[in-house]
Amino acid sequence: MSKEFTILYYATARDATKMSSEKIPLPSQSPFMSLKDLTMLLKERHKKLAPILEYSLYAINMEYVENDQAILVKEGDEVAVIPPVSGG
Amino acid sequence: MSKEFTILYYATARDATKMSSEKIPLPSQSPFMSLKDLTMLLKERHKKLAPILEYSLYAINMEYVENDQAILVKEGDEVAVIPPVSGG
Amino acid sequence: MSNRDFVKLTSEPLILQDIVDLVKDDGAGAISTFNGTTRNIFEEKSVIRLEYEAYVPMAEKVLLDIISEARTKWDLTKTAIFHRTGIVPVGETSVIVAVSSVHRKESIHAVEFLINHLKEKAPIWKKEVYSDGSVWKENAENRRKC
Amino acid sequence: MSNRDFVKLTSEPLILQDIVDLVKDDGAGAISTFNGTTRNIFEEKSVIRLEYEAYVPMAEKVLLDIISEARTKWDLTKTAIFHRTGIVPVGETSVIVAVSSVHRKESIHAVEFLINHLKEKAPIWKKEVYSDGSVWKENAENRRKC
């Protein structure tokens, strides 16, 4: 069985993907994925998500991560696409 | 009957005079009294009030007045001795 | 009193929700409040209760004047300032300020302005009653004699 | 959650007094609150209701982080942040922030800090439903993608 991580979609991202979460397998040759590769992969899977990702943030395991951080998605991670927030 | 004004005492001023208000006649020769003369008169009437007046304000008809204002107490006025306030 | 500014000195207990309901407005997204409560300890002395005395009509006038001044600074929908008089037991509320506005910044800043100016200017006096006596307090913000 | 900081995302109506009671403390003389309510008009369109969606566990974590940051700035007694999820009818409260402190300045400033940072950072989204459609909103304070 391949190694997976979970991705969560909220608000406009959920509307665009028509799902609130999915499990995505990591490439078999590497158990880690950069945020750049993640963005490419998500754009391929969900065409309508592409413009939303331009102005969204990622959170990994409930921590915001910056695109330029040398952080890698690994097996079991919970990754969330966080569109611009509007709480309050 | 002589012309009078009312004076109100609150907090420490009420404790010092042992009264919450009194009517004071204006001098028969003049229907107006300066704040300076008022202070002198009050100190004579109530010995314990003297130190309190040093750090109190006057209000005439519910408006704060400054000691250096050219304002005169006249018949029918409601004058209040306002010790340092402590609301809230 | 206008139907948008509510000011009252009262010997009745203050109920926060009642005062918030006064400033509630469908067009105002923000309501900010300040609630002042008797503390049980002051300078390591045990406070049994507070007693508030006020020059009631002047206090209400001063509070309305302060509200008018706040309205020159911020766009406020409705305001309310209620202050208790007489005996206030420990843990009960002595003052509530509530302000509604379209945006949050205005109501938050106006609440701070109103409680600061109340403490500086409103002719209201607090006597703290301890187990071993009582003393009239003086606010740090107090206006000095000129 | 500690017994001095209370954070909750909930689909239940928010009752101000209940949340104030959580932060009440005999040693704290000041309680400040902010109450956010659905407005009936937004940019001249009639809002029928709001719908809030949240990444609940992360939102609660972010709010506790914000409270920790506020506690490095001010001496606060107790804090509470409650935010509603799901459908919120016009005129009902979507968020309440309540803070108690010994002196008033701390609780007033902390309330402003907490609601500002909630709006900037908490993963919560608001959809405004109009008579002619709906739209996801975006806070002006929003963090930009880096």
Side chain / backbone / both / neither for S94(D) at chain C, heavy atoms under 4.5 Å: neither
Contact check, side chains of D26(C) and T37(D), non-hydrogen atoms, under 4.5 Å: no
Residue, of V102(C), V90(C), I96(C), that accumulates the most heavy atom pairs under 4.5 Å with chain D: V102(C)
Atom group of T38(C) that falls short of 4.5 Å from chain D, counting heavy atoms: backbone
Distance, nearest 0.5 Å, that separates OG1 of T33(D) from CG of N35(C): 8.0 Å
Heavy-atom neighbours of K127(C) NZ exceed 12 at 6.0 Å: yes
Neighbour count above 12 (heavy atom, 6.0 Å) for D18(D) CG: yes
Proximal component of S100(C), with respect to chain D [non-hydrogen, under 4.5 Å]: neither
Portion of A28(C) that has a non-hydrogen atom of chain D nearer than 4.5 angstrom: backbone
R104(C) side chain reached by N116(D) side chain, heavy atoms, under 4.5 Å: yes
Pairs of heavy atoms under 4.5 Å with chain C: top-ranked of K105(D), K24(D), Q17(D), K119(D): K119(D)
Proximal component of D25(C), with respect to chain D [non-hydrogen, under 4.5 Å]: neither
Heavy-atom proximity to chain D below 4.5 Å, by part of V20(C): side chain
Between CD on residue E112(D) and NE2 on residue H109(C), distance to nearest 0.5 Å: 3.5 Å
Nearest-0.5 Å distance, CD1 of residue I31(D) to CG of residue L16(C): 8.5 Å
Over 12 foreign heavy atoms within 6.0 Å of CG, D21(C): yes
